[in-house]
*Asks:* 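Here it is, the structure, as structure tokens.
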2 protein chains.
Amino acid sequence: MSQLPEQPTMTSVPTSADVARLAGVSRATVSYVLNNNATVRISEQTRRRVREAASDLGYVPHAAARSLRAGHSRMVLLPTWHIPAGPLHQRFFHALQSDLRRLDYTVVQYGSGGLDADEAARAWAELRPVAVVSPGGPALTPYGIDVLTRSGAKAVITLGPQPVDGAHALVMDQRVVGSCAVAHLLARGRRRIGVVLPQEPGLALFGEPRLVGARRTAEAAGAHVQPLPLRYEEESAAQLASRWRTLGLDAVFAYNDEYAMLLMRALQDAGIPVPGETAVIGADDLMLGRLLRPRLSSVRMELAAGQAPAELIDRLVRHPGGTPERHDLLRATAVPRESS
Amino acid sequence: MSQLPEQPTMTSVPTSADVARLAGVSRATVSYVLNNNATVRISEQTRRRVREAASDLGYVPHAAARSLRAGHSRMVLLPTWHIPAGPLHQRFFHALQSDLRRLDYTVVQYGSGGLDADEAARAWAELRPVAVVSPGGPALTPYGIDVLTRSGAKAVITLGPQPVDGAHALVMDQRVVGSCAVAHLLARGRRRIGVVLPQEPGLALFGEPRLVGARRTAEAAGAHVQPLPLRYEEESAAQLASRWRTLGLDAVFAYNDEYAMLLMRALQDAGIPVPGETAVIGADDLMLGRLLRPRLSSVRMELAAGQAPAELIDRLVRHPGGTPERHDLLRATAVPRESS
DNA sequence: TTGAAAGCGATACCAT
DNA sequence: ATGGTATCGCTTTCAA
């Protein structure tokens, strides 16, 4: 396997006892040295001997044993469900990870696909995380929250479009996206607004709330919203475009930029002028939207920077038991270009 | 926190001893019952009492304690480095996760950003995984492989563009992408071929090997390849387009479809006919490429299905110590459309 | 300055 | 059919 020369048939995994033996000290001393325990004075010579022994053996402490002894871990569990993560989410996860690492937490992503909400909660609880940040997928149930809390989790936090009762919530309220898009279209004088609903399974989670936000804003202004199911295929877009004029719409919020590009192309191919007859706006502000003609208007989404989520988690872990907090993360701004 | 009524001030986390006490049996019996241990007969009545006690207390076994006792875990560690994952990788991870779960492994993604290769290897070893599947980022070193192996990992597997000495390898050799793109352009009669190199930090990892593959295939045919650094911004593309004719190229492989779209738009805006004067081909076969005019040619990438990676890992775990195996996962095929 | 030993939670052997 | 108990690797109190 590994081709390093010095490896005297070490069959089993080295433990701190092996290190102690090799260094000629007790296991306690090994622990003191390797953890730089300040409450105890150890001679420099002993320290060196211990460290050398450890590195000779390739000793690495056993995290499970350690946290078993300690009675707690610093693991923050981040379950995943394979809802395909966009760049926004990826950036968020990455920032959360490095921020939490800086606060000395260990972040572990745990793939939970195929489990139902309560099975998943139990599986998570087995790992005894100090905090759980649960994104979308099957929503956490009160039972799940209970299991996690009883298993010692100091903070149970949901992450997603809506909060869940009894847990803290990092809310990325997708309604603001639809709301923002429609507000922009209304400002442009459009009144009969289509809203694309992607038919791909995972995306309903975002599509629905965006529609709700769009509808709410439209109705507040006495305008009308029409849901438009669409699959992410040229054929589906062509069909929609072919019956476009029967719909009598003067604008469309196309869920995101990719669907917007798909639909806009289909509309153009069907001879519908954009934005002349129908305005189009997407979301995500992809670079690619600027390459089309007309350039695609979009809704740019950002995650609020104010209270860094990592610090929130840290605070909740240190002072558990408060009433559930809600933090809104998502900001949306319209980026008008030529298509609307 | 949780609002469930029945919670009689349970301050500490319930253990199997608590379950035993409540059920009026020994901890051994609890273990037998909850693990459905077949080597021992337990009366149906006792079983029920134990199960009820467990569920009353919200008992969930402690994974760390269990694997400490067992001396091994079934955790497959999948380190991540926040190299933004494309859909191809996401699909791969997801498939790997569910396949491994089916084989009764626990898959854990561990964010390792900010650590260097050897620190990371030690951090992974602390978790005592039974297998590690290490994607790109800082490449695993011989020392890292050694630490992991000594810590009890039965299989150390790299995942990425190149294999690493001493470990098994799931290879996604990006050279075949460049090779495939250039082969297609050569077949179309092009001879002076530009190859876009994205300047974004993370992407060099893929860009370089694609260039190498492109160059190899071109030179084998006596054709020439010219590297073209490009940032993913309109301005950068416009600059490149403005000096295009001085380059004397009749084709370009643009790294991927996004860069291809960016560049193609810039070329068109600069009055360079595509594909008349310069052919363009991307990679990833994004839906969006079909919406441009001319429709964008692309290289479609697929992961070989043959030997499912999960089964490979399972085999390596059960029969450790063989010589390092290499498995090529990436297949590339040209998808000719109008731009080339 | 160092060592002996208890104990974290779960499991499996050996008794009963 | 069930219970007592040693054990996994590590940390930490208490003694020496």
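Residue numbers begin at 1 in each chain, while the letters A, B, ... track the order of the sequences.
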*Asks:* Quick one: A/Arg66 CZ to C/dG9 C1', roughly how many Å, whole number?
*Replies:*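 So the two atoms are 18 Å apart, to the nearest Å.
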*Asks:* Is A/Asp165 atom CG crowded by more than 12 heavy atoms from other residues, nucleotides or ligands, each under 6.0 Å away?
*Replies:*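 No - once you tally the heavy atoms of other residues, nucleotides and ligands closer than 6.0 Å, there are 12 at most.
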*Asks:* When we call it a touch if two heavy atoms are under 4.0 Å apart, what does A/Thr46 touch: a base, just sugar-phosphate, or nothing?
*Replies:*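 Sugar-phosphate, backbone atoms only, no base.
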*Asks:* Given atom CZ of A/Arg49 and atom C1' of C/dT1, what is their separation to the nearest angstrom?
*Replies:*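 Taking CZ of A/Arg49 and C1' of C/dT1, I get 12 Å after rounding.
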*Asks:* Choose from D/dC10, D/dT2, C/dG9 the nucleotide whose nearest atom is closest to any side-chain atom of A/Thr15.
*Replies:* D/dC10
*Asks:* To the nearest Å, give me how far apart CZ (A/Arg150) and C1' (C/dG9) are.
*Replies:* 18 Å
*Asks:* Is B/Ser26 close enough to D/dT2 that one of its side-chain N or O atoms is under 4.0 Å from OP1 or OP2 there?
*Replies:*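 Checking B/Ser26 against D/dT2: no side-chain N or O falls below 4.0 Å of OP1 or OP2.
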*Asks:* State which of D/dC10, D/dA1, C/dT1 makes the closest approach to the side chain of A/Tyr59.
*Replies:*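 That would be D/dC10.
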*Asks:* For the residue pair A/Ser151 / A/Trp124, report whether a side-chain donor-acceptor contact shorter than 3.5 Å exists.
*Replies:*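 Side-chain D/A pair, A/Trp124 to A/Ser151: absent.
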*Asks:* Quick check for you: among C/dG3, C/dA10, D/dG9, whose closest atom lies nearest to any side-chain atom of B/Pro61?
*Replies:*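 Among C/dG3, C/dA10, D/dG9, the one nearest the side chain of B/Pro61 is C/dA10.
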*Asks:* Classify the nucleic acid contact of B/Val40 as base, sugar-phosphate or nothing, counting any heavy atom under 4.0 Å across all strands shown.
*Replies:* base
*Asks:* What is the distance from CZ of B/Arg21 to C1' of D/dT2, rounded to the nearest Å?
*Replies:*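 Checked: the CZ to C1' distance equals 18 Å.
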*Asks:* What is the distance, rounded to the nearest whole Å, between atom CG of A/Leu34 and atom P of D/dG9?
*Replies:*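 Answer to the nearest Å: 16 Å.
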*Asks:* Atom CG of B/Leu57 and atom C1' of C/dA10: how far apart are they, to the nearest Å?
*Replies:* 16 Å
*Asks:* Side-chain donor-acceptor pair under 3.5 Å between A/Tyr143 and A/Arg122, yes or no?
*Replies:* yes
*Asks:* Is there a donor in the side chain of B/Thr141 and an acceptor in the side chain of B/Asp118, or the other way round, less than 3.5 Å apart?
*Replies:*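 Side chains of B/Thr141 and B/Asp118: pair found under 3.5 Å.
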*Asks:* For B/Gly24 and for B/Gly71, find the nucleotide of DNA chain D with the closest heavy atom, then tell me which residue's nucleotide is more 5'.
*Replies:* B/Gly24
*Asks:* Ignoring hydrogens and geometry beyond distance, is a side-chain donor-acceptor pair present between B/Asp314 and B/Tyr105 at under 3.5 Å?
*Replies:*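 The answer is yes; a qualifying pair exists.
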*Asks:* Report which part of the nucleic acid B/Ile42 touches: base, sugar-phosphate, or nothing (heavy-atom distance under 4.0 Å, all strands).
*Replies:*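 Since only primed, P, OP1 and OP2 atoms lie under 4.0 Å of B/Ile42, the category is sugar-phosphate.
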*Asks:* Determine whether a donor-acceptor pair (N or O, by modelled atom type, separation under 3.5 Å) exists between the side chain of B/Asn35 and the backbone of B/Asn37.
*Replies:*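 Not a single qualifying donor-acceptor pair exists.
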*Asks:* Considering only nitrogen or oxygen atoms on both sides, find all protein atoms under 3.5 Å from nucleotides 12-16 of chain C and state each distance.
*Replies:*
{"from": "C/dC13", "atom 1": "N4", "to": "B/Tyr32", "atom 2": "OH", "distance (Å)": "2.3"}

*Asks:* What is the distance, to the nearest angstrom, from the CD atom on B/Gln45 to the P atom on D/dA1?
*Replies:* 14 Å
*Asks:* Looking only at side-chain atoms of B/Ser43, point me to the closest of D/dT2, C/dG9, D/dC10.
*Replies:* D/dT2
*Asks:* Tell me whether A/Glu44 is salt-bridged to A/Arg49, with the criterion being a basic N under 4.0 Å from an acidic carboxylate O.
*Replies:* no
*Asks:* Separation of A/Leu68 atom CG from C/dA6 atom C1', in whole Å?
*Replies:* 13 Å
